[in-house]
Engineer: 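Quick one: structure below, then a few questions.
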Amino acid sequence: MKTAKKHNVSFAAIKLGPALKQALPIWYHLGAKKRLRMLNNTKISDCLRDKHGVSRVADLLRLSARPCYRGALLMSNDFVPPSCDCADCMADTMKGCKHPLGCCRAAANLMRQVKPKWNPGFEPTPDGLTLTQKRQDKNAEALEGEGDVIFDPSLTSGDLLMEAFRVFVDPKVHDEPPAMRARSGRIVSEEAGTVYIEGPVNRKRLPPGSRPMPSNMGFVHFPATPEHSMLVIPATGQKDVLCQQGEVIAALKAVEVIPRDVPLRLL
């Protein structure tokens, strides 16, 4: 725990899929408004937890979508009858809930306290980043046949919570919306460029007496224009490098240098 706190390990999905939004714990929710935090320890919240088994966002959705509650809303604005004879409400009463429809209303109210980025009821604007199914299928074929794989820039986290945990997270960016992909211009395949990226060179490949490359340095080689090849050094002077970052630094530099609409092949 001490190491996790030191390096700011946190749940930090840029964009969440519907399944992941529903899997998040509702109590002390990361994307909750202040009012939800105030409602964490009330009598109605205790009933939702103890009598209805509410622990995740999906549990709230189940309650707030109950047909008898939705029907009551159609009959009036916010008033719900004190009792209901449907099977679900009768089962809740047997568990000790005194006002099942009131708990359904409370569940809907709690869902309104979840910010849009985290709320399953809000559909984000399509960002144009995720590859189409056809391109994903071509990538699968390319991997089997050692062909070219198209980089998938999707920011949407999958269905597993563990996939959305990150290190060195800035808590201030939790609620920031994902970036939108800029509209691309006309792509000409003949302009495609190939760039070789290299991380820190192995000591055995260096001339005798040479100093080893730091692990956060990389090399970018442009075969078509060798004079533009360069050694890439991070702008910020990082002293503690936890892993080999050279290839990542080199790849980022190559993406910055090559024009946005030119197909890029990294090797």
Side-chain angles (χ1 to χ4, degrees), residues 10-127 130 154-165 171-178 180:
S10 179
F11 185 87
I14 299 176
K15 186 178 180 183
L16 296 82
L20 189 56
K21 288 181 180 180
Q22 295 186 36
L24 290 175
I26 186 58
W27 310 114
Y28 302 98
H29 196 293
L30 278 172
K33 301 176 184 177
K34 290 184 179 180
R35 179 167 172 76
L36 178 55
R37 298 188 182 99
M38 295 170 58
L39 296 173
N40 282 331
N41 295 304
T42 62
K43 289 184 178 180
I44 193 73
S45 298
D46 291 340
C47 187
L48 288 173
R49 277 191 295 264
D50 301 335
K51 311 302 182 184
H52 301 273
V54 171
S55 61
R56 300 175 302 144
V57 172
D59 300 324
L60 284 185
L61 292 176
R62 170 177 50 81
L63 270 179
S64 60
R66 186 170 290 183
C68 59
Y69 171 65
R70 307 307 299 181
L73 289 182
L74 293 176
M75 299 296 294
S76 61
N77 291 329
D78 197 39
F79 172 78
V80 292
S83 62
C84 176
D85 296 331
C86 78
D88 290 330
C89 288
M90 292 296 290
D92 290 340
T93 303
M94 294 294 293
K95 294 176 184 176
C97 177
K98 297 180 179 180
H99 195 342
L101 285 178
C103 286
C104 292
R105 179 173 56 192
N109 182 40
L110 288 175
M111 279 306 309
R112 288 193 288 270
Q113 311 311 316
V114 178
K115 297 177 182 178
K117 173 182 174 179
W118 310 82
N119 197 317
F122 288 85
E123 286 293 333
T125 304
D127 54 22
T130 304
S154 175
L155 298 176
T156 305
S157 297
D159 299 341
L160 298 177
L161 286 173
M162 65 182 70
E163 293 181 355
F165 279 87
K172 294 182 292 185
V173 303
H174 272 303
D175 295 322
E176 291 295 327
M180 303 301 295

Engineer: Would a 4.5 Å heavy-atom cut-off, applied to side chains only, mark Cys84 and Pro100 as touching?
Structural biologist: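 Side-chain contact under 4.5 Å: no.
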Engineer: Should Asp46 and Lys43 be marked as a salt bridge (charged side-chain N to carboxylate O under 4.0 Å, His left out) after you check the CA-CA gap, both sets of side-chain angles, and the distance that decides it?
Structural biologist: CA-CA 5 Å; Asp46 291 340; Lys43 289 184 178 180; over 6 Å; no
Engineer: Hey, does Val57 have a side-chain heavy atom less than 4.5 Å from the side chain of Met111?
Structural biologist: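 Sidechains of Val57 and Met111: in contact.
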Engineer: Nearest 0.5 angstrom please: Leu48 CG to Ser55 OG, how far?
Structural biologist: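 Nearest 0.5 Å value for the CG-OG distance: 11.0 Å.
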Engineer: What is the minimum heavy-atom distance between Pro81 and His99, and which atoms define it?
Structural biologist: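 Smallest heavy-atom distance, with atoms named: O-CE1, 3.1 Å.
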Engineer: Enter the distance from Cys104:SG to Asn109:CG here, rounded to the nearest 0.5 Å.
Structural biologist: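 Here the rounded value is 13.0 Å.
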Engineer: What distance separates Leu101 CG from Ser83 OG, expressed to the nearest 0.5 Å?
Structural biologist: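 One finds 8.0 Å between CG of Leu101 and OG of Ser83.
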Engineer: What pair of heavy atoms forms the shortest contact from Cys103 to Ile44, and how long is it?
Structural biologist: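 Scanning both residues, the minimum pair turns out to be SG-CD1, 3.7 Å.
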Engineer: Closest heavy-atom contact between Trp27 and Arg49?
Structural biologist: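 Scanning both residues, the minimum pair turns out to be NE1-CG, 3.2 Å.
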Engineer: Quick check: closest heavy atoms across Cys97 and His52, and the distance to 0.1 Å?
Structural biologist: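 Of all heavy-atom pairs spanning Cys97 and His52, the closest is SG-NE2, 3.3 Å.
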Engineer: What closest approach, in Å, do Ala108 and Tyr69 show between heavy atoms, and which atom pair accounts for it?
Structural biologist: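 Nearest pair, atom of Ala108 first, then Tyr69: CB-OH, 3.8 Å.
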Engineer: Counting only N and O atoms by type, is there a donor-acceptor contact under 3.5 Å from the side chain of Lys21 to the main-chain atoms of Trp118?
Structural biologist: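 Absent.
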Engineer: Quick one: CD1 on Ile26 to CG on Leu60, what's the gap to the nearest 0.5 Å?
Structural biologist: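 The distance works out to 4.5 Å.
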Engineer: Which pairs with one or both residues in residues 81-96 pass salt bridge (Lys or Arg N to Asp or Glu O under 4.0 Å), sequence neighbours excluded?
Structural biologist: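 Residue pairs with at least one partner in residues 81-96: Arg66-Asp92.
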Engineer: Start with the C-alpha distance between Leu110 and Val54, add both sets of side-chain angles, then the distance that settles side-chain contact (heavy atoms from CB on, under 4.5 Å), and finish with yes or no.
Structural biologist: CA-CA 11 Å; Leu110 288 175; Val54 171; 5.9 Å; no
Engineer: Which heavy atom of Arg70 sits nearest a heavy atom of Ala65, and at what distance?
Structural biologist: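 Closest approach of Arg70 to Ala65: CG-O, 3.8 Å.
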